[in-house]
Novice: 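I'd like to ask some things about the structure below.
Note that this is a predicted model, so its numbers are computed, not measured.
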Amino acid sequence: MIAKLKPNRRAQEVEAYELICKDLRQFLGEKFFNMEVHPFGSTVTELGFSNSNIDVHLANVKPFAQPDDIPILREIKKILVRSHRFGCCFVIPSANVPIVRCVHLKTGIQCDININNMLGVFNSELIRYYMGIDPKVQQALLVLKYWAKCHNIKGQSQFFSNYAFTTMFIFVLQQSPYYLPTVESIQQVKQQTFWSIPHHSKPPFAPMAQFRSEALTKALPLELVEQFFKFYAEYPYHQEVICPFLGKSILKEAFQSPSEQANCKFLQASMAGNEDNGLAVSRTVCVQDPLDLNKNVTITVTGPMLRRLVLFCRLGKKICASRKSVLYKLLTEVPCDYKKQPVHENADSFQVVIHEAVIGGPEWFKNLIEFLRIALETFLLFTVTTEEEHADNQTVTVFACNCKYSLWDGRKSTAKQLNLSAQKLSLVEREQ
């Protein structure tokens with residue numbers, strides 16, 4: 001199965017990635033003299049499947065005094081278009097980290113380029129560190145990632161992200177009986193302020209130590225998979241925070257009064273002295289980023305999605321215990337009480353998830369939902385189905401959207417052809 005998910009094409013992949021980075025240096029280096037190119041994500045961790053894209057961070061591109069990334073990203077887009085080495089270039093300013101998305105024409109690989117996410121580079125180096133401890137760690141995680149993909153547990157929006165899922169797996173192996181080293185224990189420089197992300201490209205953790213785990217040495221990859229299912233099938237998500245930095249769970253209530261706790265310095269660093277800007281421990285699931293202690297990497301996961309993970313973990317635990325046709329059953333069977341989400345065929349699809357709790361009241365929420373439907377159905381000609389989910393005293397409205405044509409890319413040129421600026425139209429009339 002591993003051979004199918006991850007064919008032995010590492011040499012070809014590395015060659016393609018190096019060519020992409022070389023072209024970026026060649027064409028962007030003329031504008032940004034001190035630029036550094038850092039690929040990260042599955043490119044570095046080797047956890048992507050055979051069709052993986054490449055994430056790239058460009059360091060020393062953004063002036064320290066300039067807060068806005070978008071003008072620089074637009075300049076990068078123009079240079080890449082003129083190079084004729086990259087196509088389908090466009091800026092995505094609304095992403096959590098704004099990016100330029102493009103396709104490297106010679107290799108056909110999609111590239112997501114950012115100028116403000118060195119943390120992503122360090123995250124990838126940290127994951128690669130753990131994957132290098134034993135080959136079985138990577139093998140088991142590839143199986144789990146594919147299992148999560150098959151059952152719509154891993155993805156974007158309210159799903160568990162790739163990084164969150166990987167972090168949760170590493171945390172399981174930090175527990176008994178494997179005891180992988182904690183992130184705190186592999187810091188390059190011990191500091192009173194705990195983890196500190198420097199403004200340079202050297203990962204801030206030590207070279208791999210002589211780590212030995214007899215249990216990990218003797219374990220089979222499927223035993224590590226089974227350990228994941230056992231752990232998260234019964235984990236007290238509503239009470240505890242998953243903390244890979246310390247390698248142990250922390251009660252959520254401890255973060256509310258950090259000065260009164262034994263590990264108060266760590267808790268204070270996590271909350272940054274401010275409940276609004278600190279770690280979001282009150283969310284449905286809280287998995288603390290081991291590098292950015294103020295970040296909950298599962299902040300968007302909803303109650304229904306957590307329930308889905310728990311149901312499938314409980315089923316996975318039973319399947320692994322049976323020791324019969326384990327892989328086949330893991331990828332094909334679903335829990336008896338699991339309500340399968342509708343499948344949308346013949347088009348690309350995405351989901352928009354709106355949490356009423358973070359909007360300005362019921363009336364605003366209602367108006368927002370109505371306008372979103374107009375924008376999606378009337379402006380962009382999506383086929384939209386709506387579902388409401390209720391969890392943790394919150395109403396979650398999910399728009400499942402399908403389309404066959406992109407009406408967004410040609411909006412400006414279409415508006416000019418129709419001479420819309422000369423007509424007195426409301427926003428809705430103009431977009432219609």
Novice: Testing the basics here: between Ser176 and Tyr179, what is the closest heavy-atom pair and its distance to 0.1 Å?
Specialist: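 Closest approach of Ser176 to Tyr179: CB-OH, 3.0 Å.
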
Novice: Between CG of Leu331 and SG of Cys150, what distance do you get to the nearest 0.5 Å?
Specialist: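 Nearest 0.5 Å value for the CG-SG distance: 5.0 Å.
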
Novice: Would you name the heavy atoms of Leu315 and Val334 that are closest together and state the gap between them?
Specialist: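 Looking at all heavy atoms of both residues, the shortest contact is CD2-C, 3.5 Å.
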
Novice: Less than 4.5 Å apart, any side-chain heavy atom of Leu246 and any of Thr182?
Specialist: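 They are not in contact (no side-chain heavy atoms under 4.5 Å apart), so the answer is no.
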
Novice: Check whether any side-chain heavy atom of Asn114 sits under 4.5 Å from a side-chain heavy atom of Phe40, and report yes or no.
Specialist: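 They are in side-chain contact.
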
Novice: Could you tell me whether the side chain of Met118 reaches within less than 4.5 Å of the side chain of Val121, counting heavy atoms only?
Specialist: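 Counting from C-beta outward, Val121 and Met118 do come under 4.5 Å.
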
Novice: Which heavy atom of Pro221 sits nearest to which heavy atom of Gln139, and what is that distance?
Specialist: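 Heavy atoms only, the tightest pair is CG-OE1, 3.3 Å.
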
Novice: Would you check if Leu24 and Ile113 make a side-chain contact, meaning some heavy-atom pair closer than 4.5 Å?
Specialist: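 Leu24 vs Ile113: side chains touch.
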
Novice: Between Thr298 (side chain) and Val285 (backbone), is there a donor-acceptor pair under 3.5 Å?
Specialist: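 At least one qualifying donor-acceptor pair exists.
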
Novice: Start with the C-alpha distance between Phe245 and Phe266, add both sets of side-chain angles, then the distance that settles ring pair (Phe, Tyr, Trp, His ring centres under 6.0 Å), and finish with yes or no.
Specialist: CA-CA 10 Å; Phe245 181 83; Phe266 165 77; 5.8 Å; yes

Novice: Say whether, by atom type as modelled, one donor and one acceptor occur between the side chain of Lys145 and the main chain of Leu47 under 3.5 angstrom.
Specialist: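 Answer holds: yes.
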
Novice: Short question: side chain of Arg314, backbone of Ala233 - any donor-acceptor pair under 3.5 Å?
Specialist: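 Present.
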
Novice: Please evaluate residues Glu226 and Lys317 with respect to the criterion side chain to side chain contact (heavy atoms under 4.5 Å, CB included), reporting the C-alpha separation (whole Å), side-chain torsions for both, the decisive distance (0.1 Å), and the verdict.
Specialist: CA-CA 6 Å; Glu226 183 178 14; Lys317 177 182 172 182; 5.7 Å; no

Novice: Given 3.5 Å as the limit, does a donor-acceptor pair link the side chain of His151 with the main chain of Leu330, or not?
Specialist: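 Between the backbone of Leu330 and the side chain of His151 there is a qualifying donor-acceptor contact (under 3.5 Å).
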
Novice: Of all the heavy-atom pairs spanning Val301 and Leu306, show the shortest one and how long it is.
Specialist: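 Result for this residue pair: CG1-N, 4.2 Å.
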
Novice: Do Glu214 and Lys218 meet the salt-bridge criterion of a basic N to acidic O distance under 4.0 Å?
Specialist: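 Between Glu214 and Lys218 there is a salt bridge, with a charged N closer than 4.0 Å to a carboxylate O.
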
Novice: Using a 3.5 Å distance criterion without hydrogens, assess whether the side chain of Tyr130 forms a donor-acceptor pair with backbone atoms of Pro181.
Specialist: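 Yes, Tyr130 side chain to Pro181 backbone: donor-acceptor pair under 3.5 Å.
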
Novice: For Glu15, is the CD atom crowded, meaning more than 12 foreign heavy atoms sit under 6.0 Å from it?
Specialist: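 Not buried by this count: 12 neighbours or fewer within 6.0 Å.
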
Novice: Can you confirm whether Arg74 is buried at CZ, in the sense that more than 12 heavy atoms of other residues, nucleotides or ligands lie under 6.0 Å from that atom?
Specialist: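 No, because the 6.0 Å sphere around CZ of Arg74 holds 12 heavy atoms or fewer from other groups.
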
Novice: Hey, is the main chain of Ala269 close enough, under 3.5 Å, to the side chain of Asn294 for a donor-acceptor pair?
Specialist: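 The answer is yes, because a donor-acceptor pair under 3.5 Å joins these two groups.
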
Novice: Find out whether Leu141 and Ile170 are in side-chain contact, i.e. whether some heavy atom of one side chain is under 4.5 Å from a heavy atom of the other.
Specialist: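 Leu141 vs Ile170: side chains apart.
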
Novice: Which is it for Ile115 and Ile76 under the side chain to side chain contact (heavy atoms under 4.5 Å, CB included) test, yes or no, and what are the steps along the way?
Specialist: CA-CA 10 Å; Ile115 60 174; Ile76 290 172; 3.8 Å; yes

Novice: Passes ring pair (Phe, Tyr, Trp, His ring centres under 6.0 Å), Phe165 versus Phe228? Steps please.
Specialist: CA-CA 11 Å; Phe165 201 78; Phe228 178 92; 5.3 Å; yes

Novice: Nearest 0.5 Å please: distance from the OG atom of Ser124 over to the CE atom of Met131.
Specialist: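 So the gap between those two atoms works out to 11.5 Å.
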
Novice: Any side-chain donor paired with an acceptor under 3.5 Å for Tyr235 and Ser249?
Specialist: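 Looking only at side-chain atoms, Ser249 and Tyr235 do form a donor-acceptor pair, the distance falling under 3.5 Å.
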
Novice: Tell me, with the steps shown, if Phe171 and Leu180 meet side chain to side chain contact (heavy atoms under 4.5 Å, CB included).
Specialist: CA-CA 8 Å; Phe171 183 75; Leu180 260 62; over 6 Å; no

Novice: Could you walk me through whether Cys102 and Cys111 satisfy the side chain to side chain contact (heavy atoms under 4.5 Å, CB included) test, starting with their C-alpha distance in whole Å, then the side-chain angles of each, then the deciding distance to 0.1 Å, before giving a yes or no?
Specialist: CA-CA 5 Å; Cys102 58; Cys111 310; 3.9 Å; yes

Novice: Treating Ser270 as the side-chain partner and Leu279 as the backbone partner, does any N or O pair qualify as donor plus acceptor under 3.5 Å?
Specialist: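 No, Ser270 side chain to Leu279 backbone: no donor-acceptor pair under 3.5 Å.
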
Novice: Quick one: closest heavy-atom pair of Leu224 and Lys136, and the distance?
Specialist: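 Looking at all heavy atoms of both residues, the shortest contact is CD1-O, 3.7 Å.
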
Novice: Measuring only between side-chain heavy atoms, which start at C-beta, is Pro93 closer than 4.5 Å to Leu73?
Specialist: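 They are not in side-chain contact.
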
Novice: Find the distance between CZ (Phe86) and NE2 (His104) and round it off to the nearest 0.5 Å.
Specialist: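 Answer for the CZ-NE2 pair, Phe86 versus His104, is 4.5 Å.
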
Novice: Taking atom types as modelled, is there a side-chain donor on Glu431 or Thr378 under 3.5 Å from an acceptor on the other?
Specialist: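 The criterion, which ignores hydrogens and geometry beyond distance, is not satisfied for Thr378 and Glu431.
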
Novice: Donor-acceptor pair, Gln288 side chain versus Lys295 backbone, under 3.5 Å?
Specialist: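 No; zero donor-acceptor contacts below 3.5 Å.
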
Novice: Locate the shortest heavy-atom distance separating Ala140 from Val225; write the atom from each residue and the value.
Specialist: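 That would be O-CG2, 3.7 Å.
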
Novice: For Asn117 and His57, which I'm curious about, is there any donor-acceptor pair between the side chains at under 3.5 Å?
Specialist: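 No, His57 and Asn117 have no side-chain donor paired with an acceptor closer than 3.5 Å.
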
Novice: Taking atom NZ of Lys230 as the centre, does the number of heavy atoms from other residues, nucleotides or ligands within less than 6.0 Å exceed 12?
Specialist: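 Counting other residues, nucleotides and ligands, NZ of Lys230 stays at 12 neighbours or fewer.
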
Novice: Does Arg373 come within less than 4.0 Å of Glu370, counting only side-chain N to carboxylate O?
Specialist: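 No, this pair does not count.
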
Novice: Can you tell me how far CG of Asp292 sits from CZ of Phe122, rounded to the nearest 0.5 angstrom?
Specialist: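 Taking CZ in Phe122 and CG in Asp292, the distance rounds to 12.5 Å.
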
Novice: State, yes or no, whether a side-chain contact exists between Leu376 and Leu381 at a heavy-atom distance under 4.5 Å.
Specialist: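 Side-chain contact under 4.5 Å: no.
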
Novice: Quick check against the 3.5 Å criterion: does Gln138 have a side-chain atom that pairs as donor or acceptor with the backbone of Glu46?
Specialist: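 Looks like yes, one N/O pair under 3.5 Å.
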
Novice: Mind checking the OG1-CG spacing from Thr45 to Leu126? Nearest 0.5 Å is all I need.
Specialist: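 Reported to 0.5 Å precision, the distance equals 11.0 Å.
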
Novice: I need the Asp289 CG to Asn296 CG distance, nearest 0.5 Å.
Specialist: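 So the CG of Asp289 and the CG of Asn296 are separated by 9.5 Å.
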
Novice: Tell me whether Lys318 is salt-bridged to Glu333, with the criterion being a basic N under 4.0 Å from an acidic carboxylate O.
Specialist: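 No, this pair does not count.
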
Novice: Hey, is the main chain of Tyr237 close enough, under 3.5 Å, to the side chain of Lys252 for a donor-acceptor pair?
Specialist: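 Side chain of Lys252 to backbone of Tyr237, a donor-acceptor pair under 3.5 Å: yes, one is there.
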
Novice: Can you tell which of Tyr232, Trp147, Phe229 makes a side chain to side chain contact (heavy atoms under 4.5 Å, CB included) with Phe312?
Specialist: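 Filter result, single survivor: Trp147.
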
Novice: Do Val56 and Leu58 have side-chain heavy atoms sitting under 4.5 Å apart?
Specialist: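 When only atoms from C-beta onward are counted, Leu58 and Val56 do touch, with a gap below 4.5 Å.
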
